[in-house]
Number of protein chains: 2
Amino acid sequence: MTSDSFSIGIDFGGTNLRLAAYTPAAGFLETIQMPTRLQAGRDAVVADMCAGIRKLLDRYSSKLALKGIAIGSPGPIELPEGRLRNLPNLPGFDGLELRAAVEQSVGTPVVVENDANVAALAECVAGKGKTLGIDTLCFLTLGTGVGGGIIFHGKIWDGLNGMAGEVGHINIWPDGVACGCGARGCLEPLASATGVRRRAKEMIAAGKSPALAALEKSNPEFTPRDVAGLASAGDRDAQTIFDEVGLALGRGLAALVNTLNLPLYVVGGGLSSSWNLFSPALFGELRYRSYVFRMTDPEKSDAARGTAAKTYVTLTELGPEAGLLGACILPFTVARNGA
Amino acid sequence: MTSDSFSIGIDFGGTNLRLAAYTPAAGFLETIQMPTRLQAGRDAVVADMCAGIRKLLDRYSSKLALKGIAIGSPGPIELPEGRLRNLPNLPGFDGLELRAAVEQSVGTPVVVENDANVAALAECVAGKGKTLGIDTLCFLTLGTGVGGGIIFHGKIWDGLNGMAGEVGHINIWPDGVACGCGARGCLEPLASATGVRRRAKEMIAAGKSPALAALEKSNPEFTPRDVAGLASAGDRDAQTIFDEVGLALGRGLAALVNTLNLPLYVVGGGLSSSWNLFSPALFGELRYRSYVFRMTDPEKSDAARGTAAKTYVTLTELGPEAGLLGACILPFTVARNGA
């Protein structure tokens with residue numbers, strides 16, 4: 001990385017559109033945030049994005065060389081084309097050629113990536129990966145849904161057409177809760193903010209969870225953080241919800257650990273703020289389901305483990321800016337790593 | 001690859017020990033097969049292996065340059081050290097430093113790899129990968145157990161310490177059949193030769209499967225191939241067993257397709273001879289559980305798929321020599337690809 005050049009990163013979210021100019025040495029030089037005008041339609045959103053890019057280009061391209069522009073977008077997106085496909089939270093965007101549209105408007109090449117993939121890259125370069133000196137990891141992001149990204153030796157693994165890392169659709173309970181993907185019992189509806197709310201409402205409807213019922217009565221729009229508050233205060237029903245989140249995550253992680261044998265798995269996203277509530281059940285299930293993890297468990301003594309290798313499963317070090325940071329970092333990393 | 005040099009590959013199996021001298025241009029120059037003398041102990045087995053290597057070295061190293069020696073061994077093995085760990089089918093081999101023992105005896109560097117990983121490499125270089133022009137794949141081998149190997153761009157993915165590709169321990173039914181790994185409901189006891197026999201015996205014990213009962217009566221040591229014979233002849237109970245194998249495989253493959261988005265998944269091993277019996281259920285479950293597969297399904301028209309990318313899930317092109325061939329090929333590929 002050279003400090004003579006800068007990048008522009010864009011975090012294209014369903015609520016906010018954020019842009020930043022960045023250098024590896026200085027970090028964010030400037031950030032821009034605006035609401036994502038979904039109601040105004042896709043052309044308006046693309047126009048807003050391009051206006052932001054032009055503003056940053058005008059400001060910095062006379063002083064620094066442009067290393068590249070990268071957009072982190074919700075998936076599914078086909079890569080490297082940067083074509084949006086049936087985004088559940090962005091109706092009306094199916095088929096949008098995001099990369100081509102932005103390139104045409106700003107007149108310079110643009111890279112489009114999955115938002116969880118760029119957050120994974122940030123975690124690798126500037127988060128837990130950097131802290132532990134590990135450049136290969138899987139990042140799981142627990143938000144409205146469950147996303148993921150895989151980094152091999154500092155490079156995003158896009159797979160065949162950009163769909164790699166869809167860890168939210170690992171099956172946990174074959175006949176479980178319906179998932180937006182069309183199947184049942186995926187990780188996503190179990191270990192997401194949506195899942196925590198759904199489970200709380202189920203328990204309230206069953207009439208045996210007075211603290212949760214009181215929460216809903218006082219605040220019908222209660223959040224997973226409110227449920228976590230009850231759990232932390234000792235409510236068993238609320239704690240059960242997080243035990244179930246941990247169990248689902250542990251089972252999904254076991255599939256990843258057994259098949260990929262990566263040195264590092266990082267859990268981020270909004271729901272990861274409840275790490276202390278769900279991680280005991282996570283590790284219990286992971287140890288049960290993965291002999292690969294048991295053989296490399298960092299909690300074991302070196303003698304009991306019998307190998308120097310350790311598999312780390314940890315909480316993210318980065319906050320909500322991971323996605324924006326990852327988009328800024330992407331132009332400074334090597335080219336696309338796909339099948 | 002150059003035809004001026006040769007490799008020696010060893011397929012270290014629980015029943016047979018096979019060695020070959022190989023060149024990329026000519027293929028196998030010579031093969032040696034002997035029983036694996038498990039009863040005689042690990043030192044005897046290593047001595048047999050080294051005697052075979054020396055014989056091939058004596059024969060070919062005056063004419064050709066030695067590219068390298070590689071051993072494919074049952075797992076779990078710690079890599080790159082080549083240290084055997086608790087092999088279920090090789091009692092008494094736990095802790096054996098296989099690589100060091102062979103290197104010391106033959107006086108030349110040796111590479112040790114997981115047997116499913118070298119079979120995956122063979123499938124990539126000389127099997128379906130070659131046929132389809134694809135160098136990135138996951139290979140599943142259905143034998144006594146279920147093994148796997150992942151190849152990224154022509155290189156085996158070993159992971160952190162050689163445990164990558166343990167696809168047999170993806171969870172299929174959380175409370176299912178006990179697996180040798182200590183968990184329940186793994187793919188291995190469902191989609192292996194062992195699993196087919198167990199399921200047939202369960203159905204016989206339930207007393208409602210006359211054809212299976214007659215098979216056991218005539219041949220108590222009946223094999224999955226015998227069960228396949230009944231299924232092919234129209235017995236519904238026998239067909240149900242293969243439907244269940246396909247369902248388990250489809251669910252395991254869905255986890256792989258959703259997380260890795262590879263272009264190619266190849267099914268091999270002895271039980272894969274029943275591909276026609278289990279693949280319909282496999283594809284049914286895979287389509288249900290993986291929107292990534294649905295988006296890239298080669299059976300769909302280009303218009304319906306909406307993208308040029310295709311995910312292939314197919315039967316192996318190689319026979320039982322895949323493991324030996326892969327061990328021979330390994331020295332001609334690039335260095336180890338781990339975390």
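Proteins come first, then strands; the chains are lettered A, B, ... in the order of their sequence lines, and each starts at number 1.
Counting only N and O atoms by type, the side chains of N161(A) and N261(B) include a donor and acceptor under 3.5 Å apart.
Residue L260(B) touches chain A through both its backbone and its side chain, counting heavy-atom pairs closer than 4.5 Å. With a threshold of 4.5 angstrom between heavy atoms, T311(A) approaches chain B through its backbone and through its side chain. With a 4.5 Å cut-off on non-hydrogen atoms, R184(A) touches chain B through its backbone and its side chain both.
The closest side-chain heavy-atom distance from T259(A) to W157(B) is not below 4.5 Å.
In this structure, K300(A) places its NZ atom where more than 12 heavy-atom neighbours from other residues, nucleotides or ligands lie under 6.0 Å away.
Atom-to-atom distance recorded for L187(B):CG and N258(A):CG is 11.0 Å, nearest 0.5 angstrom. Taken to the nearest 0.5 Å, the CE atom of M163(A) stands 10.5 Å off from the OG atom of S290(B). If you take CD1 on I134(B) and CG on L160(A), they are separated by 8.0 Å, rounding to the nearest 0.5 Å. Interatomic distance, OG1 of T296(A) versus CD of E78(B), reported as 9.5 Å (0.5 Å rounding).
When the heavy atoms of residues 166-177 of chain A are compared with those of chain B, the residues falling under 4.5 Å are E166(A), V167(A), H169(A), I170(A), N171(A), I172(A), W173(A), P174(A), D175(A), listed by number. Close approach to chain B, defined as a heavy atom under 4.5 Å from one of its heavy atoms, is seen in Y288(A), R289(A) of residues 281-289 of chain A, taken by number.
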